[in-house]
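Let me begin by presenting the structure, written as structure tokens, before commenting on it.
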Amino acid sequence: MNSSNILHVLNLLTPEIVLCGLAFGVLLLDIIFFRSDSVEHRHEQLGCSVIIGLVMVFFIYALQYMDWQNTFVVGHGAFVASRLNTLFKMAVVGLALITVVIGFKTPYSTHVGEYYGLMLFSVLGMVFLISSEDLLMIFIALELISLTLYVLTAFQKGARRSVEGGLKYFIFGGFSAAFLLFGLSYIYGATGHTSLREIAGALQGDQLAKVPMKMLGIGILFTLVGLGFKIAAAPFHLWAPDAYEGAPTPVAAMIATGSKIASFVALTKLLLIGLPAAAGSALSWPTRWHSGWAGTVAIIAVLSMTIGNFAAIMQTNVKRLLAYSSVAHAGYILVAIVAIQASGVPAPSAAPAIYFYIIIYALTNIGAFGVVNAIGSKAGGDDFEHFTGMARRSPYLSLLMLIFMLSLAGIPPLAGFFGKFYLFAAAVQADPKNLGLLWLVAYAIAMSAVSLYYYLKLTKQMYVLPAKDPRRVTSNPAMNTSLGLIGLMVLLMGVFPNKVVERFENLNANPYPIWEAAVPPPPQPEIPVPAPAEKPAVPAPAAPAPKS
Amino acid sequence: MIPLEHWIIVSSCLFAIGVAGVILRRNALVVYMSLEMILNASNLALVAASRYNGNLDGQVFAFFTIAVAAAEVAVGLAIIVALFRLKQTVQVSDVTTLKL
């Protein structure tokens, strides 16, 4: 449904407008009313108002989710409001809420208003990234997320680690954003459109012959490099360990969860809505390997799983361990992205599996970062030695960490197991007759066995080794409650995984679902495209005519 | 009229120079300038493609890119200044507190 009425558009954008107002409001409140107060007091006031505001935005999204049946498109896909997108936006806002709670009253800097303001702006970027189906909007939203996160990473201005992590994140990030933009400009050059659905239309049927394939190929490759950086897939992951270690822990949690969800949604949209015709195939190399993005994504997936898992084994810092484990998890998700278009038609179970896994991954990771923040701020650091014997010093937090680690490793009663199960099952089902993707799935399962080693290494540190320092570690009740809730959700999603996956599958019946790959192109842009293309050519021969 | 290929070749050259600058130079500011050059290479490709595709999407895209690049300058220079205050250097090779 195309909406052009301005009031209707404003109505659709209500939660985003509230979020934007909240971000500016926090900055203004801090300057006008709280400038002379103590840092502690400002943290309380502003933190509480941000929490209230985010809860409000969350409920507006929940209402929209329950209320809507249709999908609304603003301006050729610059903003697409659908139930699926709203579900992801709820997840992102919820994660931001948890991030604010776990970072509550941890004084990283005296710039309290800026801290919350930037965090809200990055949430705004994520929300827009999730709902955009247009190359321009994808680029701008990604940059909004990145720029705010660079600043937040370097937020502890007095600490070398923080500034250094920020600089590395910034240089790698700027480099990859430039690659992304270059790739997008080539895709636009080859197809003549910035809207993903129009690009898909330009690549369909006999239209395909007019498209310069080499240019499109280069464009897709560079775009994959740029987005591969955002999801921290190897070999573009080098920033991740440094940024995670250097950044204040709540910011690292934000980078690892919210921005990951948004980037994965953008990547799946770009590949499935915009470029399904250029998928190629990665089935059983070399006989059925056709050039296209599927092969490239398969290579990136294999590299991510290998490098992520083996590099994680050698880490002695928990945040770096989580960084490398997130590289490995990006690899698992990419396996299903390869599967989604594997046999020419969209695989029905792959997209829900991807979305389920992203949500579970984000939930588990934010829990793990919450525990690291709670223990790290009391024990004086987040190296393995600070976690030694933590089971006796803080049984509650250790139990939660155990749950999160086992879920990340994929141990049966927990959510992580079912996430992986759906993911790999979807990859196998993508080509049921020949099992063409079995090589990739077998490799992924072998690699997740490797991952068990380093997750258990951390739990051994906490449960088996004796504590050097017998003092108890406690955290404030708000943090305990929210972390407990996350742990409970990880358990429940493992016990009833079908309840969540059903939700994604039901959205399949939506008239405008995002994995409906080959949408018939809108009729209007089809006809004018050849005409303006000839236009520049017409005046050139016409010009010499009057002369002769 | 100059064919599209020529514009694409120029923009690819600019892109290659920018990438070489980012990889080879050690001064954070020069790395930063090279990044800007890559962005400008994309701008050139966008505007040229816009002319040949006969729609204005690419030119609008280029304007937005310029604005984003300006925002990136602000953030990047702030981080470089913060680094300089701590370490009195802007050489990337001296930034080694965190192991890679």
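In what follows, every chain begins at residue 1, and chains take the letters A, B, ... in the order their sequences are listed. Since we're looking at a predicted model, the values are computed, not measured.
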I need the residue from [options] with the largest number of non-hydrogen atom pairs under 4.5 Å to chain A.
options: B:Val19, B:Val31, B:Leu86; result: B:Leu86
options: B:Val92, B:Asn43, B:Leu35; result: B:Leu35
options: B:Val22, B:Leu39, B:Leu83; result: B:Val22

Under 4.5 Å from any heavy atom of chain A - which part of [X]:
X: B:Ser34; value: neither
X: B:Phe64; value: side chain
X: B:Ile8; value: both
X: B:Ala78; value: neither

Walk me through it: do A:Glu245 and A:Arg320 pass the test salt bridge (Lys or Arg N to Asp or Glu O under 4.0 Å)? CA-CA 6 Å; A:Glu245 192 189 350; A:Arg320 289 184 85 87; 2.6 Å; yes
Looking only at heavy atoms and a cut-off of under 4.5 Å, which of A:Val151, A:Val163, A:Leu184 has the most pairs with chain B?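 The residue among A:Val151, A:Val163, A:Leu184 with the greatest pair count is A:Val163.
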Intermediate values then yes/no, side chain to side chain donor-acceptor pair (under 3.5 Å), B:Asn55 and A:Tyr188: CA-CA 11 Å; B:Asn55 57 27; A:Tyr188 168 72; 2.4 Å; yes
Between A:Phe175 and B:Tyr32, is the gap from one ring center to the other below 6.0 Å?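 No.
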Does the plane of the ring in A:Phe139 sit parallel, tilted or perpendicular to the ring in B:Phe61? Use 30° and 60° as the thresholds.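 It falls in the tilted class, 30° to 60°.
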Hey, what's the ring geometry for B:Phe15 with A:Phe222, parallel, tilted or perpendicular (30° and 60° as the breaks)?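 It falls in the perpendicular class, over 60°.
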Please classify the contact between A:Leu144 and chain B as side chain, backbone, both or neither, with a heavy-atom cut-off of under 4.5 Å.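 Neither part, no heavy atoms under 4.5 Å.
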Identify which part of A:Ala311 has an atom lying under 4.5 Å from any heavy atom of chain B, answering side chain, backbone, both or neither.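 Neither; nothing under 4.5 Å.
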Heavy-atom donor-acceptor pair, B:Ser50 side chain to B:Leu46 backbone, under 3.5 Å: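 Here the side-chain-to-backbone pair does not exist.
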Tell me which one of A:Leu216, A:Leu135, A:Asp134 satisfies side chain to side chain contact (heavy atoms under 4.5 Å, CB included) with A:Ile199.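 By the side chain to side chain contact (heavy atoms under 4.5 Å, CB included) criterion, A:Ile199 pairs with just one of A:Leu216, A:Leu135, A:Asp134: A:Leu135.
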